[in-house]
2 protein chains.
Amino acid sequence: MRLSKGILITRINHMLKTILDNKEEYQPGLSIDCVIFGFHDNQLKVLLIKTKYSDKWALPGGFVPVNEDIDEAAVTVLHGRTGLKGIFLRQFSTFGAARRCSVDVSNAVLDFYGIPLDEGKWYASRFVTVGYYALVDFLQTVPQPEGKNEIVEWIDHNSVPELILDHRQILDTALETLRMELNLMPVGYNLLPEKFTIPELQKLYETILGRKLDRRNFLRKIMAIGILTKLDEKKSNVAHKAPNLYSFDKEKYEEVVKNGLTQGW
Amino acid sequence: MRLSKGILITRINHMLKTILDNKEEYQPGLSIDCVIFGFHDNQLKVLLIKTKYSDKWALPGGFVPVNEDIDEAAVTVLHGRTGLKGIFLRQFSTFGAARRCSVDVSNAVLDFYGIPLDEGKWYASRFVTVGYYALVDFLQTVPQPEGKNEIVEWIDHNSVPELILDHRQILDTALETLRMELNLMPVGYNLLPEKFTIPELQKLYETILGRKLDRRNFLRKIMAIGILTKLDEKKSNVAHKAPNLYSFDKEKYEEVVKNGLTQGW
DNA sequence: GTACATTGCGTCAAAATAACACATAAGATT
DNA sequence: AATCTTATGTGTTATTTTGACGCAATGTAC
């Protein structure tokens with residue numbers, strides 16, 4: 001976590017305290033929440049955080065330094081929780097219901113850290129949060145909790161427990177957006193290992209969309225995009241015909257992400 | 001404009017002063033900007049504001065009362081500038097570049113109103129803005145300037161002059177989003193009068209998309225959506241074959257807006 | 001009436017999509 | 001080692017959607 005004025009965190013687990021002590025360095029009432037998607041064991045995973053001061057889980061989030069773009073702040077959150085850089089990250093919506101924040105929740109956190117309520121007013125005020133979603137490589141991700149008071153974990157999207165505040169809505173909106181954007185851009189580059197099979201890629205699409213696709217039609221459509229390179233290599237140790245391995249043609253992939261798939265009117 | 005505590009605006013054109021006097025009632029560092037689209041004379045129009053303290057035009061915007069949802073605040077901006085209610089309004093992106101605000105511009109405004117710079121710190125700080133776009137009926141809109149120091153006007157999208165700050169980017173992003181969303185929802189309900197012809201609707205689509213569409217294919221596609229009711233009436237005073245009039249089937253229209261057009265994977 | 005402009009309604013070929021059939025390969029089973 | 005099981009690789013075909021275009025109909029202008 002980037003701190004202003006190079007101040008060190010002297011009290012572990014007091015990230016919040018440090019921010020409060022430097023609150024003039026942060027944009028007031030504004031936060032970032034990241035929905036970080038991964039893919040493993042044919043399941044869509046979401047990186048969630050469990051803190052000791054609540055029974056519920058939360059999306060990884062952070063605040064916005066006054067001198068930083070919100071996009072940069074989102075990159076910081078992503079990097080802080082996953083150790084990853086250069087990842088696909090996209091702003092999808094801003095959540096600003098007047099009562100999306102609960103003073104009770106905020107005060108419980110302040111209480112947990114032993115911060116007097118009047119010192120924590122900045123934190124307990126009304127917050128608007130900008131939602132970002134990221135697609136990351138599950139295996140390259142090293143979940144990084146900030147100190148001992150939290151657990152950072154990959155959770156199956158199907159078994160996400162109750163989340164704090166409106167984080168469930170944020171998560172749902174992120175997935176809805178991702179589903180929509182599958183029509184506008186290819187997906188997979190960050191979510192799969194470098195070498196993968198077409199069935200694996202298909203499972204990824206099926207998992208995101210939440211429904212089955214026809215194998216043969218999927219192959220045709222995905223190959224037509226022209227972003228895949230067929231490797232001269234097959235997957236081994238499978239109890240059936242060995243599927244071919246593919247990799248993304250990164251150059252073409254980036255181009256299509258940039259220009260979008262052709263659609264519509 | 002809604003004011004807290006029922007305070008009256010005693011000094012005309014001092015909306016800003018009033019807000020500064022009650023700044024604790026507003027979300028700090030957060031604003032709303034609305035891209036309000038209209039359609040007239042076969043041209044896409046944007047509602048813009050020209051203030052006396054700048055050579056450039058601006059998007060209508062506002063601040064967010066701490067007790068209001070950002071969506072409500074956007075409705076307030078829209079209603080305040082157009083007198084309209086119940087209009088299609090959609091959040092499309094949040095703009096949070098660190099240097100999107102210029103202290104020079106803010107100070108020029110404060111200067112214009114004779115507000116001392118130290119009193120105007122709230123206003124001159126870094127702002128993040130949430131962008132909304134609206135589709136409104138040009139003829140039902142009564143542009144409403146706030147006092148004598150500003151002009152509110154419909155400007156042809158093709159001849160939008162230089163805008164302040166990043167408002168040009170906000171406008172462009174709004175139109176990009178609208179173009180994309182034409183694939184996901186029908187458009188026209190708020191932009192056209194109650195009775196309209198298919199060629200008029202087509203011109204609207206062409207104007208938004210910035211390119212010609214085939215008449216016959218357009219008819220087929222738009223009728224297939226099932227939201228149009230053919231009326232037993234024809235447009236008069238045209239120098240050629242009188243086109244039939246149509247209206248939207250509001251019930252079906254709302255349903256399709258809600259459920260979306262079928263597309264994609 | 002004739003000219004003109006634009007609408008209404010249609011056709012047809014091309015492209016995209018959906019549904020389905022069959023041979024193949026690799027480990028597992030016997 | 002022959003066979004079974006399972007999932008892959010590569011088709012084909014019918015259906016739907018899209019794009020490009022032809023032509024008659026209708027209202028005003030002259």
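Numbered from 1 within each chain, the chains take letters A, B, ... in sequence-line order.
In this structure, A:Leu219 atom CG and D:dG11 atom P are separated by 10 Å, rounded to whole Å. Atom P of nucleotide D:dT10 and atom CG of A:Asn244 are separated by 8 Å, given to the nearest angstrom. Put simply, CZ on B:Phe218 is 15 Å from P on C:dC9, counting in whole angstrom units. Atom CG of A:Leu245 is separated from atom P of D:dA7 by 18 Å (rounded to the nearest Å). In this structure, the CZ atom of B:Arg215 is 12 Å from the C1' atom of D:dA25, given to the nearest Å. The CG-C1' distance, from A:Asp214 to C:dA21, rounds to 12 Å in whole Å. One atom, CE of B:Met223, and another, P of C:dC9, lie 9 Å apart when rounded to the nearest Å. Summarising the geometry, the separation between CD1 on A:Ile198 and P on D:dG9 is reported as 8 Å, rounded to the nearest angstrom.
With distances taken from any side-chain atom of A:Asn217 to the nucleotides D:dT10, C:dA19, D:dG19, the minimum falls on C:dA19.
Between B:Phe218 and B:Tyr205, the distance separating the two ring centers is shorter than 6.0 angstrom.
Using a 4.0 Å cut-off between charged nitrogen and carboxylate oxygen, A:Glu68 and B:Arg99 do not count as a salt-bridge pair.
Residues B:Arg220 and B:Thr197 both approach DNA chain C. Their nearest nucleotides, taken by heavy-atom distance, put B:Thr197 toward the 5′ side.
Legend: side-chain hydrogen bond (donor to acceptor under 3.5 Å, both in side chains) pairs involving residues 224-234 of chain B, not counting sequence neighbours, sorted by first then second residue: B:Lys195-B:Glu233.
Judged as a side-chain hydrogen bond (donor to acceptor under 3.5 Å, both in side chains), and not counting sequence neighbours, B:Asp249 has no contacts. With sequence neighbours left out, the ring pair (Phe, Tyr, Trp, His ring centres under 6.0 Å) criterion links A:Trp57 to no other residue.
The side chain of B:Lys235 places no N or O atom within less than 4.0 Å of a non-bridging phosphate oxygen (OP1 or OP2) of C:dG8.
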Dump every N/O contact between nucleotides 26-30 of chain D and the protein below 3.5 Å, one line per pair.
unit_1: D:dT26; atom_1: O2; unit_2: B:Lys241; atom_2: N; d: 3.3

> Between B:Phe196 and B:Tyr246, is a ring-ring contact (aromatic ring centres under 6.0 Å, His included) present by the stated rule, with each step listed?
Replying inline: CA-CA 5 Å; B:Phe196 55 89; B:Tyr246 288 77; 7.0 Å; no
List the atom pairs, with distances to 0.1 Å, where a side-chain N or O of residues 129-136 of chain A and a protein N or O form a donor-acceptor pair under 3.5 Å, not counting sequence neighbours.
unit_1: A:Thr129; atom_1: OG1; unit_2: A:Ser31; atom_2: O; d: 3.2
unit_1: A:Thr129; atom_1: OG1; unit_2: A:Ser31; atom_2: OG; d: 2.8
unit_1: A:Thr129; atom_1: OG1; unit_2: A:Asp33; atom_2: OD2; d: 2.8
unit_1: A:Tyr132; atom_1: OH; unit_2: A:Asp71; atom_2: N; d: 3.4
unit_1: A:Tyr132; atom_1: OH; unit_2: A:Asp71; atom_2: OD1; d: 2.4
unit_1: A:Tyr133; atom_1: OH; unit_2: A:Glu181; atom_2: OE1; d: 2.6

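Put simply, the side chain of B:Arg216 and the base of D:dG22 share a donor and an acceptor less than 3.5 Å apart.
One axis for each end of the helix from C:dG1-D:dC30 to C:dT30-D:dA1, each built from five base pairs, and the angle between them comes to 10° at 10° resolution.
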